[in-house]
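First comes the structure, then the notes that go with it.
Chain naming here is simple, since letters A, B, ... match the order of the sequence lines and numbering starts at 1 in each.
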2 protein chains.
Amino acid sequence: MAARQDAQQADVPAICKSCEARQDSLCGALNARQLAELAKASSRHEVPAGTELPDDATYSNLLSGVVKLTRNLPDGRQQIVGFHFAPDFLGRPFDAKRQIRAEALTNVRLCSFPRAIVDRMTGEAPELGRLLLKHALNELDEARDWMAALGRKTASEKVASFLLMVARNMDPARHPASPISFDLPLTRADIADFLGLTIETVSREFSRLRSDGAIHIVNKRQISLASLAQLEERCGD
Amino acid sequence: MAARQDAQQADVPAICKSCEARQDSLCGALNARQLAELAKASSRHEVPAGTELPDDATYSNLLSGVVKLTRNLPDGRQQIVGFHFAPDFLGRPFDAKRQIRAEALTNVRLCSFPRAIVDRMTGEAPELGRLLLKHALNELDEARDWMAALGRKTASEKVASFLLMVARNMDPARHPASPISFDLPLTRADIADFLGLTIETVSREFSRLRSDGAIHIVNKRQISLASLAQLEERCGD
DNA sequence: CGACCACTTGAACTATCTCAAGGACCGTGG
DNA sequence: CCACGGTCCTTGAGATAGTTCAAGTGGTCG
């Protein structure tokens, strides 16, 4: 199978050629020269689950793993406002009014770039700015979908929607009709903080889905879904 | 008081000079030539409250009035996912995965531009792309704030937060300490659809805020707030 | 082995919803 | 001028989805 050929293929930095995130990430919007410059300034890290990713002066491609974004109320109540699944792009252009914390849910591999370089390149490469805008609008769409879920869905619809979302992101390339099995990268507490529920309610809804035959709970974290269709009926949309 | 001087002031189209949205909207990122071109292609409309704004091939500055954005579940449940208060910018670059409807809550005046022209200008004026990105990120921050409210706040915190948000947007220029009075541009049903509550609960929380002296309900829609500080204590953050 | 952590399950509780009735306002038509 | 119906809002009483509190399970790690 001939891979998508790039006229400048030969000039692409070696490390980028095998990059899992390459075409989907912001790197896909760069030409070979820019990619080379960015690669030179980039650094790869692996951070263990539970690490808070500092909201510092870097952008990163998420090569593998899952990251949660949280907003906290001052009394400690917590809401997860989004996730990043590999391959995705992390990092917020400009300053945010509101503090949002990012934390690795699993072990995570990152390819990070100094903010200054990317910001300069957005001036030179309009395609890059376009891509950042598209990315932000995607996140906005997702946030609004979850607003509808948080405001208007029942607990069991929320849990079904959540499982569908995770299934779609954990292995996006899978065949839509095939059975699905994955390790949940979240604790029940995280799921509760995302869905605006308590851990007890989440647990009860898992049990209910299991006894109804919609899911199979192998080992607390490992879930298999009989079929996406069965969950789609229960997710409220 | 000397207004902010623009080197090209003399070339700015007459209609734009007096525009309420000018500096805050996307027009603030254009030079005089671009502004002139855009002004030539622009058209002003006034639409009455209740009109659905078609998600068509236009961008618009919202010169006056308030617009709601809604997401619907297939069984009719509705969630309001955002508002636009004048002066704000309406219109979504690229295609959205999800259908979101926009509807005028009050009479609304718009200055609309053909999508094609703006899209072309983003290629020519990096500042414009930057501004669109900033705008999208602002909306994302707001959506995430409301995710936290929907998921983790009590009914009375939600209503207090909502009143604060409206107060801050209806007359952003007001002195922060002064008493505030405004006409709510929403029905109780709209408020409920925004906060993930029922109209009865919204009504009860209004009554409670009134009997606690936090607000004064002049005429169902017309609300006056004793002080922002008093509501801020009740809003949960 | 014991302690701990994440999770499950049950039982009682409560914030919010549902259902129902009534009040205030408003335009229309007599 | 009043009667009428309509829409929006308020208030009460009972129902319920989801929470809180509490006990128990199972796996893991020192």
> What's the CG-P distance between Leu186(A) and dC5(C), to the nearest Å?
Replying inline: 20 Å

>> Determine whether a donor-acceptor pair (one donor, one acceptor, N or O, separation below 3.5 Å) exists between the side chain of Arg77(A) and the base of dT19(D).
In response: no

> Does Thr201(A) make a side-chain N or O approach to OP1 or OP2 of dT19(D) shorter than 4.0 Å?
Replying inline: yes

> Rounded to whole angstrom units, what separation is found between the CD1 atom of Ile217(B) and the C1' atom of dT10(D)?
Replying inline: 10 Å

> Among the nucleotides dT19(D), dT18(C), dC17(C), which one has an atom lying closest to any side-chain atom of Leu197(B)?
Replying inline: dC17(C)

>> Base, sugar-phosphate or nothing for Arg210(B)? Non-hydrogen atoms, less than 4.0 Å.
In response: sugar-phosphate

> Could you give the NZ-to-C1' distance, from Lys153(A) to dA17(D), as a whole number of Å?
Replying inline: 17 Å

>> With a cut-off of less than 4.0 Å, is there a side-chain N or O of Arg221(B) near OP1 or OP2 of dC8(D)?
In response: no

> Do any side-chain nitrogens or oxygens of Arg204(B) fall under 4.0 Å of OP1 or OP2 in dT16(C)?
Replying inline: no

>> Ring of Phe83(A), cation from Lys68(A) - is the NZ or CZ under 6.0 Å from the centre and inside 45° of the axis?
In response: no

>> Heavy-atom nearest nucleotide on DNA chain D for Arg188(B) versus Ala155(A): which residue maps closer to 5'?
In response: Arg188(B)

>> I need the CD-P distance between Gln222(B) and dC9(D), as an integer number of Å.
In response: 14 Å

>> Give me the atom names and distance for the closest heavy-atom approach of Ser156(A) to Arg208(A).
In response: CB-NH2, 3.9 Å

>> Does a side-chain N or O of Thr198(A) approach OP1 or OP2 of dT19(D) to a distance below 4.0 Å, or not?
In response: yes

> More than 12 non-hydrogen atoms from neighbouring residues, nucleotides or ligands closer than 6.0 Å to CG on Asp75(B), yes or no?
Replying inline: yes

> Which atoms form the tightest heavy-atom contact between Arg71(B) and Gln99(B), and what is the distance?
Replying inline: CD-O, 3.7 Å

> Where each residue is assigned the nucleotide of DNA chain D containing its nearest heavy atom, which of Asn219(A) and Arg208(A) is assigned the position nearer the 5′ end?
Replying inline: Arg208(A)

> Can you find a donor-acceptor pair, distance only, under 3.5 Å between Glu200(B) side chain and dC19(C) base?
Replying inline: yes

> Rounded to the Å, how far apart are Lys220(A) NZ and dT25(D) P?
Replying inline: 12 Å

> How many Å lie between CD1 on Ile215(A) and P on dC7(C), as a whole number?
Replying inline: 13 Å

> For Arg115(B), does the CZ atom have more than 12 heavy-atom neighbours from other residues, nucleotides or ligands under 6.0 Å away?
Replying inline: yes

> Quick one: Ile199(B) CD1 to dA21(C) C1', roughly how many Å, whole number?
Replying inline: 14 Å

> Rounded to whole angstroms, how far apart are CG on Asp190(A) and P on dC7(C)?
Replying inline: 9 Å

> Base, sugar-phosphate alone, or nothing: which one does Ser207(B) contact when heavy atoms must sit under 4.0 Å apart?
Replying inline: sugar-phosphate

